[in-house]
Amino acid sequence: MQWLSPVAFFHKNRNSEPVVTVNIQEILDAAAVNPKARLDMLRRAYVFAAVVHGGQTRLSGELYLSHPLAVAYSLAQMGFDEPTVAAGLLHDTVEDTRASIEEIDEKFGEEVADIVDGITKISLIPFENKEEAQAENIRKMILAMSHDMRVLIVKLADRLHNMRTLNFQKIHKQRRIAQETMDIYAPLANRLGLYSMKRSLEDLSFKYLWPDIYNQIDRWLDTHQFVEKQIIDKVVELLHSLLSANGLQGHMYGRVKHMYSIYKKMQSQSLTLDEMHDIMAFRVIVSDIKECYTVLGLVHSQWRPVHGRFKDYISLPKANGYRSLHTTIIGPEGERIEIQIRTEEMHRQAEHGVAAHWLYKENDRVNTKDLEQFSWLREIFERQHEKIDSREFLHLLKMDLFKDEVYVYTPAGDVKELPEGATPLDFAFLIHSKVGQHCTGVKVNGRLVPLGTELKNGDLVEIITDQARNPNRDWLNLVKTARARNRIQHYLRTEERVRAIALGREMLEKEGRKVSLNVVKSQKRGHLALVAQDLNFENIDELIAAVGYSQLTPRRVLNRLYAVLHPDDVGPQTPPPVKERTEEAHKNGGVSISGVGGVLMRFAKCCNPVPGDPVIGYISRGMGVSVHRIDCPNVPNMEPERLISVHWSGTEGTPYEASIFAVAKNEHGVLANVTRIFAQNNVNIVDLKMDQLVDGRARMHFTVEVHDAAQLYNLIENIHSLPSILEVIRETEVE
């Protein structure tokens, strides 16, 4: 019997991932695990990087070379092949030095050059704003994966080291980078089976996004470290004895779960730290699948299992190929304890994730098409060809990444994987777009259920279709997958475009009759096509649809049509042109809109724009134009065809509502201190909600009246200066 002491594992990297200086020999030693590794390539890549990065330093004052060394070391530790590790050493050479891709290709080969080129192209794209830059960078990174997934792997290792040295950045950059890491990079690492990297990225992001809570959990773990170690030692010894008594051999060890997972459990179950019990996990590694289930039976016979906490990822592996048995039991000290049981091969896959495919490949390059278990990636790649902007792509990507999986069955017995929380509509669109589009009912386990019912592991799902049934906008509130949402939005856009064309044609013909212009005849004779070309539309349908969407007034089109029909009629006898109103500013509530007249306007409650905020308008059928802040999280989900330019005008002296969210220490007088700030800034409080959290903090939601964005952000700064305030932000709701 072999088993691992839990002591070293217990202390490993729990306190914010200390940064360690790496040298080339450590990289070579890590890469040498693969006997076929071409270490000479790594030595040459190191020398090349050292020369071209010579004299460069990081914000920390370290030589810049320390960064590519750290990236390459992470890749070597994870078991990636030498072209990937070499690309880690060279990943910044083309972007930050005078080196060229051609030079990389010549010295290190096409494979390394392609990876470095993919990384460089992601970084060198110019953008108009940070939001667009983030969305398009992520999109380009995903696109590069379709050619070679190692582009993403190197980017993940690059982000991991940047997070470990994030303390040298300014505070606002720390939060922005940490949020992006939590939103995109950690979920991607999870999806690729790189669990160690995922945990590190989550804990490091957690440290910068919620530093007070992070430190509170860290102190609590330090205080309870001795007791936790005792429990871990005891359970490992009991597992050792249990297997030995039944003639089984295996490895086993225990650990305390990482800090962000503890925080998530506190949030989901509304627990304080002292109420947390399920924070320890144990792993048993045996020789084959039969022994996995034997150990499971022994564990359940020894300790009482917790109902509903058993997951069989051997029979139903995760999308990234992860396999293991998970069960939660009531341990010897009355603690809830999670035990994972797997074989050596499963453990290798779990530890290396996607890297296992390179660690044990022969001579051929491994690309995404070789990795059949990553079906979710193919769906993302297919979306590249659809006409959606980068922000919408990013929103759909987050939907793909964040959820755990559930497994359900078709009537034929096929297993289908869906994200946790998915509904029968998601299942229908997963089967086929036409099945989803014409879904009219569903049976789950033989019973009719609503389309919005949440599916559970093992459900048998049967879709009932009707060719007369088509999606409606309410379906968007029922689906949880990007695939279903994308298909529904595509149908709605297509249908609404048809209606917009019909409406635009009706408006043009009606206005044309008033001024004796025959629009139908003009289209047949090709005159309307000339107007479309003059106004920079691809074709007549695009022009007419723009009228139907109120992006273009009928009178502007008719003026251009008149000019086409009478190019030489410019004398005094020329009939007066149709009165042009597109450049008149139609004011409503302090916002002016060019090109749209007589339209009802309202300010969106989700983001409460105030003068000084960059704003954009959204045309809603029957509800006029809603005005949003450009950075409103709901804007990426809106149909681009309905977005119009708006600007502030005549706002002097007018109060506007805005929302402020604050988290504070729940101390005596904290609310009085905050309201005093409002009074000092001459700001009226319209509404106030306050609630107490279990960890000794208080949340406060204020609705206030301000005159402009400058006054609002000055107010937020003043509130933030109070000692008891932990966080204060302008609040925006996602609809």
Side-chain angles (χ1 to χ4, degrees), residues 17 71 74-75 77-80 84 87-88 91 115 118-119 121-123 133-164 166 176-206 209 258 260-261 264 318-322 349-358 366-368 371 373-384 390-405 417 419-420 481-483:
E17 306 265 340
V71 172
S74 293
L75 295 167
Q77 280 189 310
M78 288 188 289
F80 282 98
T84 311
H91 75 277
I115 301 172
I119 297 164
K121 286 177 178 176
I122 295 169
S123 305
Q134 183 209 38
E136 191 60 21
N137 277 336
I138 298 298
R139 186 172 191 160
K140 293 294 183 184
M141 182 173 67
I142 297 297
L143 182 59
M145 287 169 59
S146 63
H147 174 63
D148 193 328
M149 192 184 292
R150 288 172 292 184
V151 173
L152 172 62
I153 301 299
V154 177
K155 285 294 292 183
L156 285 169
D158 174 53
R159 177 54 62 103
L160 178 60
H161 186 249
N162 284 335
M163 288 299 299
R164 286 172 171 165
L166 195 59
R176 176 176 60 80
I177 294 170
Q179 190 65 62
E180 182 183 67
T181 302
M182 188 72 85
D183 288 346
I184 300 295
Y185 287 92
L188 276 171
N190 178 58
R191 276 294 205 165
L192 295 175
L194 303 173
Y195 293 114
S196 176
M197 178 179 283
K198 173 244 186 186
R199 289 192 294 266
S200 296
L201 290 172
E202 283 182 340
D203 277 355
L204 289 163
S205 301
F206 179 35
L209 291 174
H258 70 293
Y260 183 64
S261 69
K264 285 199 301 182
K318 289 189 176 184
N320 55 24
Y322 176 86
Q349 173 69 31
E351 288 297 298
H352 293 291
V354 69
H357 293 273
W358 279 276
V366 177
N367 59 45
T368 306
L371 307 177
Q373 72 267 41
F374 297 107
S375 57
W376 60 277
L377 277 176
R378 289 193 293 275
E379 173 70 21
I380 293 173
F381 298 151
E382 290 171 7
R383 203 176 301 142
Q384 295 286 341
S390 298
R391 292 178 299 181
E392 183 177 357
F393 175 83
L394 187 59
H395 172 73
L396 294 175
L397 176 64
K398 290 179 182 179
M399 291 180 68
D400 281 321
L401 294 179
F402 267 114
K403 297 291 185 180
D404 290 329
E405 302 86 11
E417 175 200 317
E420 189 177 44
T481 60
R483 179 189 182 93

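Hydrogens, waters and symmetry mates play no part in the numbers below; they use all other heavy atoms, side chains included.
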With sequence neighbours left out, write down each residue that passes side-chain contact (heavy atoms from CB on, under 4.5 Å) with Asp158, or none if nothing qualifies.
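Only His67, Val71, His91, Lys155, Asn162 meet the side-chain contact (heavy atoms from CB on, under 4.5 Å) criterion with Asp158.
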In Å, rounded to the nearest 0.5 Å, how long is the span from [atom1] of [X] to [atom2] of [Y]?
| X | Y | atom1 | atom2 | result |
| --- | --- | --- | --- | --- |
| Met182 | Leu209 | CE | CG | 5.5 Å |
| Leu152 | Arg159 | CG | CZ | 11.5 Å |
| Asp203 | Met163 | CG | CE | 10.0 Å |
| Ile153 | Ile115 | CD1 | CD1 | 10.0 Å |
| Asn190 | Arg199 | CG | CZ | 10.0 Å |

Going by the rule side chain to side chain donor-acceptor pair (under 3.5 Å), which residues pair with Ser74 if we only count those two or more places apart in sequence or in a different chain?
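Here no residue qualifies.
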Which atom pair, heavy atoms only, marks the closest approach of Gly118 to Val151?
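Smallest interatomic distance, heavy atoms only, reads C-CG1, 4.0 Å.
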State, yes or no, whether a side-chain contact exists between [X] and [Y] at a heavy-atom distance under 4.5 Å.
| X | Y | value |
| --- | --- | --- |
| Tyr185 | Met197 | no |
| Thr181 | Leu166 | no |
| Ser200 | His258 | no |
| Glu202 | Ser205 | no |
| Leu204 | Leu160 | yes |
| Asp183 | Glu180 | no |

